[in-house]
Amino acid sequence: MKERFYLFKRNGIYYVEDGATGRQHSLKITDGPAARRILHAKNEAARSPMMNVAMAKVYLSAHDPKNARTHLAGRDE
């Protein structure tokens, strides 16, 4: 499967290019492994958007379990 986002480096700064639109934007980092993690996350999100939502909930609940909310929490308040 062809990846949607591509990583490249210009003047020591990492950039990402969207293969579908051709849009390029800076990640504003110089750390290669961190740039590759961001690239991987962007490609995963493009492959399966619903999985991205589920992963976001996992990260939020791991960070602060009492802030873990469901889709009904806003309605119940």
Discussion item. Using the rule given for salt bridge (charged side-chain N to carboxylate O under 4.0 Å, His left out), can you reason through Glu3 versus Lys42, listing the C-alpha separation, both sets of side-chain angles and the distance that settles it, and then say yes or no?
Written reply: CA-CA 10 Å; Glu3 299 292 345; Lys42 284 181 159 297; over 6 Å; no
Practice prompt. Take Tyr15 and His25, measure what side-chain contact (heavy atoms from CB on, under 4.5 Å) needs, and give me the verdict at the end.
Written response: CA-CA 6 Å; Tyr15 290 78; His25 71 274; 6.0 Å; no
Worksheet, complete the sentence: For Ser26 and Ile13 the tightest heavy-atom approach is OG-CG2, 3.5 Å
Discussion item. Using side-chain heavy atoms (C-beta onward) and a distance below 4.5 Å, is Tyr14 in contact with Lys28?
Written reply: no
Worksheet item: Ile29 versus Ile38: any side-chain heavy-atom pair under 4.5 Å?
Response: yes
Item to complete: Look only at the side chain of Asn43 and the backbone of Phe5, and say whether a donor-acceptor pair between them is shorter than 3.5 Å.
Response: yes
Discussion item. Are the side chains of Leu27 and Leu7 in contact, using a 4.5 Å heavy-atom criterion?
Written reply: yes
Worksheet item: Looking only at heavy atoms, what is the nearest atom pair of Ala46 and Arg4, with distance?
Response: CB-CD, 4.0 Å
